[in-house]
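Everything below concerns the one structure shown next.
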Amino acid sequence: MSLKIKLPDGAIKEFEENVKVIDVARSISDGLANSSLAGIVNGKKVDLDYEICQDAEVSIITFKSEEGPEIYWHSTAHLMAQAVKQLFPEVKVTIGPAIDNGFYYDFDSEKAFSDSDLEKIEQRMKELSNEKLPYVRKEVSRNEAMEIFKAMDEPYKLEILSEIPEDEVLSLYSQGDFTDLCRGPHLSHTGKIKAFKLLRSSGAYWRGNENNKMLKRIYGISFPSKKELKVYLNNLEEAKKRDHRKIGKELDLFSINDDIGPGLVLWHPKGAMIRHQIETFWKEQHLEYGYNLVYTPHIGKGQLWETSGHLSFYKDGMYDSMEMDGIDYYVKPMNCPFHIMIYKSSKRSYRDLPMKLAELGTVYRNELSGALHGLMRVRGFTQDDAHIICTPDQLEEEVEKLLDFSLMVLGKFGFENFEIYLSTMPEKSVGDPNEWQAATESLRKAIEKHNLDYKIDEGGGAFYGPKIDIKIKDALDRSWQCTTIQFDFNLPTRFDMDYIGSDNKPHRPYMIHRALLGSIERFFGTLIEYHAGNFPVWLCPVQVKVLPISDATSEYANEVLEALKKRGIRAQIDERSEKINFKVREAEMEKIPYMFVVGGKEAEEASVSVRRHTKGNLGVIKLEDAINLVLEDKE
RNA sequence: GCCAACGUGGCUCAAUGGUAGAGCAGCUGAUUUGUAAUCAGCAGGUUGGGGGUUCGAUUCCCUUCGUUGGCUCCA
């Protein structure tokens with residue numbers, strides 16, 4: 001459909017193709033009826049706040065199968081705020097945006113919102129939705145807005161307004177007795193919101209700053225129909241089944257024990273076998289890619305952490321010191337200083353560079369108790385850490401190799417969907433801005449060379465250098481940073497690192513920190529959720545389970561087991577006097593990829609009945625062929 | 001650390017202001033089985049820890065620890 005709109009300067013703009021209008025909201029400006037609309041133009045989401053020409057075709061659609069439900073959610077947030085203000089007039093409103101998955105609204109309230117309060121609010125929202133209250137837009141000057149919110153006694157809105165320039169024109173949106181400061185756009189009326197659910201309440205600091213007051217936040221989601229809401233809630237339940245904490249328990253992979261301490265992981269035999277496969281692969285590949293493997297201690301003298309700056313900037317994140325012979329030692333929160341000491345153990349020449357030191361280094365950090373989360377955020381974890389020390393002219397090539405390496409490794413584990421972020425120089429930083437620029441450009445070039453989508457986190461770099469992060473989403477759509485490639489313009493100076501160049505003069509080298517998996521714990525967590533426990537065969541702790549039908553075939557079943565083991569396949573046998581149905585069921589629940597069922601028939605003709613996890617019975621196959629089938633799948 | 005919810009045997013979950021009950025797992029025995037649960041018996045809990053209210057608490061209150069969801073932080 002095509003759409004014509006009149007821009008504020010009077011010009012007419014016409015969109016020819018692929019225009020989808022998400023919704024149109026009526027508004028009143030200077031006494032004239034106006035409309036604001038949000039739409040999708042050529043696949044891109046746009047907020048249009050202009051007058052629609054009389055002759056323009058506009059058909060209102062919902063976001064059912066389109067992108068851009070933000071307007072919907074934002075309007076629901078306003079609806080919720082209205083309901084809350086009616087039920088609890090003493091509550092002060094703050095902000096309520098749409099987020100990736102729904103919306104929230106933060107309230108300043110002495111009282112916490114209980115589950116029954118949420119039900120009450122939902123009920124009131126239903127009533128307000130039935131009233132089909134129009135969302136009315138009104139443009140006002142900043143000072144007018146100040147007067148309005150002063151009269152309403154809304155201090156948080158006043159605080160926001162006080163930071164806006166006086167000459168700016170602002171928009172207010174009202175529905176019924178509720179008015180909010182808001183850019184819009186919004187739905188035309190509250191009746192459009194047909195299905196919603198308040199999901200949970202939680203605390204949130206005003207403006208995200210922990211020195212500010214803790215507000216009460218309510219999260220919710222809404223849809224144009226009850227059916228979509230039902231599907232959404234159902235998906236949410238399904239996603240919880242992939243939770244690594246649940247699967248970790250079911251498959252007996254790991255545990256975290258109260259008596260040992262929060263955030264400290266026990267790797268059970270099956271989880272440890274998977275980790276062993278990961279580590280073996282990791283080490284082989286690093287040797288292949290020109291890294292040197294190193295090992296370093298778990299503790300180091302306070303002086304070392306003084307030099308590195310950790311004790312002045314990161315002390316809260318470190319476990320407390322322990323004393324030996326009158327000297328304080330600290331458990332390491334990072335491996336860098338140790339690798340630097342290896343570098344500095346002898347005089348280095350430009351011919352030694354690039355030097356790549358890699359270690360599966362176990363570190364301990366005092367993470368806030370409230371931040372701990374299964375394997376995703378723990379207090380003791382092993383980073384697949386490496387430091388690349390190079391000359392300025394090696395920079396670009398090294399960064400490119402590094403990204404290649406990262407993508408190859410992620411691919412090996414089956415990861416295909418991830419988000420890439422490039423973080424640039426923050427306000428407070430150390431190092432030469434020209435070097436920052438060169439480093440940032442080398443990162444950008446490497447990403448673009450791979451033709452990858454990425455987002456720029458402007459000013460999101462560490463104070464010591466720009467970085468690339470790769471984040472992987474968990475079952476509930478939360479992103480976790482795994483791969484990280486970080487420049488460091490801080491430590492080489494602090495530790496006075498140098499190399500002798502071809503000019504026979506000392507130079508400061510570049511240093512890059514990088515972790516491909518991030519931490520093995522977190523990586524394992526995302527791996528579990530990504531595959532829902534159905535790991536690629538090469539990682540499975542048990543790849544084949546041999547299931548004899550009865551004691552009569554026990555001898556042959558053991559021959560099969562031995563044949564598998566001889567070919568390097570991790571196999572087990574289930575010789576219990578149980579029915580085959582029961583053994584199959586258990587093997588299926590253990591998510592073992594291959595089950596070899598053997599009975600009299602198979603014993604006679606040296607074959608096995610192959611069953612593939614989630615795929616079912618593949619039929620009787622000669623033992624040798626069955627083994628080759630597994631070996632192929634293992635690659 | 002902050003806000004909130006939750007915490008019952010190894011696991012999943014019941015119940016009640018009057019000293020806890022089931023299924024699975026475990027153990028013992030029987031069963032020898034053809035692609036997702038064979039049957040029977042037995043054993044297992046000072047209801048996260050501490051304190052209080054009460055004639056009596058697992059249930060109500062306080063506190064502490066832990067978990068979960070957010071905030072903050074971050075691999």
Side-chain angles (χ1 to χ4, degrees), chain A residues 104 106 109 111-115 117-118 199-219 240 243 245-246 249-250 252 255-259 261-263 314 316-317 333-335 361 363 365-378 381-385 462 469-471 476 478 480-484 486 513-523 525-526 547-554 575-589 595-602 609-614 616-620:
Chain A
Y104 68 77
D106 285 346
S109 162
K111 173 187 175 318
F113 296 110
S114 65
D115 287 352
D117 290 332
L118 294 189
L199 296 167
R200 55 183 170 266
S201 66
S202 73
Y205 299 108
W206 169 236
R207 302 207 147 164
N209 185 333
E210 63 180 322
N211 297 319
N212 287 345
K213 187 162 183 187
M214 174 69 75
L215 306 170
K216 307 289 190 294
R217 173 174 297 181
I218 301 177
Y219 285 91
K240 281 183 189 160
D243 191 310
R245 293 163 297 192
K246 183 171 158 65
K249 203 183 273 178
E250 285 166 359
D252 195 15
S255 64
I256 294 170
N257 184 302
D258 285 2
D259 293 331
Y314 194 72
D316 290 345
M334 290 175 192
N335 303 299
V363 298
R365 298 184 186 173
N366 178 25
E367 293 295 336
L368 295 179
S369 59
L372 300 175
H373 179 96
L375 292 177
M376 302 300 206
R377 176 156 290 111
V378 291
F381 57 100
T382 300
Q383 291 180 305
D384 68 313
D385 208 356
D469 291 324
I470 300 181
K471 297 184 183 184
L476 290 177
R478 293 172 291 211
W480 296 96
Q481 180 185 318
C482 290
T483 307
T484 183
Q486 310 187 349
H513 309 262
R514 47 111 283 192
L516 304 185
L517 313 177
S519 87
I520 296 186
E521 284 74 8
R522 176 179 293 179
F523 187 75
T526 57
L547 308 175
I549 291 203
S550 74
D551 290 354
T553 44
S554 181
E575 288 189 281
R576 293 174 302 172
S577 66
E578 297 288 352
K579 287 192 166 178
I580 192 67
N581 293 16
F582 184 76
K583 296 185 189 180
V584 166
R585 178 183 149 81
E586 293 219 325
E588 284 284 352
M589 291 200 305
M595 288 150 271
F596 283 7
V597 176
V598 295
K601 260 188 299 182
E602 289 80 5
S609 175
V610 179
R611 184 185 168 100
R612 181 74 228 260
H613 173 59
T614 72
N617 197 343
L618 303 184
V620 178

Between A:E586 and A:R576, is the salt bridge (charged side-chain N to carboxylate O under 4.0 Å, His left out) condition met? List the steps. CA-CA 12 Å; A:E586 293 219 325; A:R576 293 174 302 172; 2.7 Å; yes
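Each of A:D551 and A:M334 was assigned the nucleotide of RNA chain B with the nearest heavy atom; the assignment lying further toward the 5' end belongs to A:D551. Summary of the strand contacts: A:P262 and A:M376 both lie near RNA chain B, and taking for each the nucleotide with the nearest heavy atom, the more 5' one is attributed to A:P262.
The pairing partner recorded for B:rU46 is none, the criterion being a Watson-Crick or G-U wobble arrangement whose two distances lie under 3.5 angstrom. In this structure, B:rC39 and B:rG29 make a Watson-Crick or G-U wobble pair, each of the two defining distances being under 3.5 angstrom. Of all nucleotides present, only B:rG1 satisfies the Watson-Crick or G-U wobble test against B:rC71, with each distance under 3.5 Å.
For A:Y219, counting side-chain heavy atoms from C-beta on, the closest listed nucleotide (B:rG70, B:rU31, B:rA37) is B:rG70. Checking B:rC71, B:rG69, B:rA75 against the side-chain heavy atoms of A:S202 singles out B:rG69 as nearest.
The closest side-chain donor-acceptor pair between A:D117 and A:S114 falls under 3.5 angstrom.
Of the possible polar contacts, none joining the A:R217 side chain to the A:S202 backbone as a donor-acceptor pair under 3.5 Å is found. Proximity of a side-chain donor or acceptor of A:D469 to a complementary backbone N or O of A:Q481 within less than 3.5 Å is not detected.
Regarding A:R217, its CZ atom lies at a distance of 11 Å from the C1' atom of B:rC3, rounded to whole Å. The distance from atom CG of A:D316 to atom P of B:rC2 is 14 Å, rounded to the nearest whole Å. Remark: P of B:rG70 and CZ of A:R478 are 5 Å apart, rounded to the nearest angstrom.
Taking atom C1' on both nucleotides, B:rU19 is separated from B:rA57 by 10 Å, rounded to a whole Å. Distance noted for atom C1' between B:rC3 and B:rU8: 27 Å (whole Å).
Neither OP1 nor OP2 of B:rG34 sits under 4.0 Å from any side-chain N or O of A:K583.
One N or O donor and one acceptor, one from the side chain of A:Y205 and one from the base of B:rG1, sit under 3.5 Å apart.
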